[in-house]
Amino acid sequence: MQRIITRTTRVVFLLSASVFAVFAIWGRALLEVFFGQSYAAAYGVLVILAAARVANVAAGPVVNLMAMTSGQKALAWTMAVAAAANIFG
């Protein structure tokens, strides 16, 4: 199972990194073509969100694996701490 998850994570990471590269290089032009000139100002936000998504993909399917392999308790605590940090931090 570990081998399958590792390979899948690598493939998905490479695909995500490729999409990120497209957004980083041609993101402003893509926003202008598909959504109009007024959306070109959102280029910085697009790059930040795309980079965050690539980082999330690089970590792999951690949440799903913890839920499937008796790690629900640790997962619940981790999610609770993350939620509290978002609310109060």
Side-chain angles (χ1 to χ4, degrees):
M1 184 164 113
Q2 182 178 354
R3 196 169 10 137
I4 293 170
I5 291 169
T6 302
R7 284 184 185 173
T8 304
T9 301
R10 286 180 182 159
V11 169
V12 173
F13 172 75
L14 291 174
L15 292 171
S16 297
S18 300
V19 172
F20 172 74
V22 169
F23 284 161
I25 296 168
W26 297 295
R28 189 177 312 275
L30 289 171
L31 286 171
E32 288 178 5
V33 168
F34 288 107
F35 301 107
Q37 182 70 28
S38 61
Y39 282 88
Y43 170 71
V45 176
L46 173 68
V47 171
I48 290 169
L49 290 174
R53 190 64 188 154
V54 170
N56 187 12
V57 167
V62 175
V63 172
N64 296 338
L65 289 174
M66 287 185 74
M68 289 189 309
T69 58
S70 302
Q72 308 91 301
K73 195 176 228 181
L75 177 60
W77 277 107
T78 303
M79 295 297 230
V81 169
N86 279 311
I87 293 170
F88 301 112

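Just so you know, these numbers come straight off a predicted model, no measurement behind them.
For the pair L30/L46, no side-chain contact is recorded, criterion being any heavy-atom separation below 4.5 Å from C-beta on. I5 is listed as a side-chain neighbour of M1, based on a closest heavy-atom distance under 4.5 Å.
Side-chain atoms of R28 come within 3.5 Å of backbone atoms of A40 as a donor-acceptor pair (strictly under, hydrogens ignored). For the pair N86 (side chain) and A82 (backbone), a donor-acceptor distance under 3.5 Å is present.
L15 and L49 are assigned to two separate hydrophobic clusters, defined by single-linkage of ILVMFWY side chains at heavy-atom distances under 4.5 Å. With hydrophobic clusters built from ILVMFWY side chains whose heavy atoms lie under 4.5 angstrom apart, I48 does not share a cluster with V19. Following chains of ILVMFWY side-chain contacts shorter than 4.5 Å, one cannot reach V62 starting from V57, and the two form parts of different hydrophobic clusters. L31 and V45 fall into different hydrophobic clusters, where Ile, Leu, Val, Met, Phe, Trp and Tyr side chains are chained together by heavy-atom contacts under 4.5 Å.
Residues that satisfy the side-chain contact (heavy atoms from CB on, under 4.5 Å) test with T6, not counting sequence neighbours, are Q2, R10. In this structure L14 satisfies the side-chain contact (heavy atoms from CB on, under 4.5 Å) test with no other residue, sequence neighbours excluded.
Between the CG atom of L75 and the CG atom of L65 there is a distance of 10.5 Å, given to the nearest 0.5 Å. A distance of 5.0 Å separates OG1 in T78 from CE in M66, rounded to the nearest 0.5 Å.
For I4, the CD1 atom is loosely surrounded, since the number of other residues' heavy atoms within 6.0 Å does not exceed 12. Counting heavy-atom neighbours within 6.0 Å of M79 CE, excluding the residue itself, gives a total of 12 or less.
Across all non-hydrogen atoms, the minimal contact from A24 to V47 is CA-CG2, 4.3 Å. V54 approaches S16 most closely through the heavy-atom pair CG2-O, 3.6 Å.
The ring pair (Phe, Tyr, Trp, His ring centres under 6.0 Å) contacts involving residues 4-40 comprise F35-Y39, where partners must be two or more places apart or lie in separate chains.
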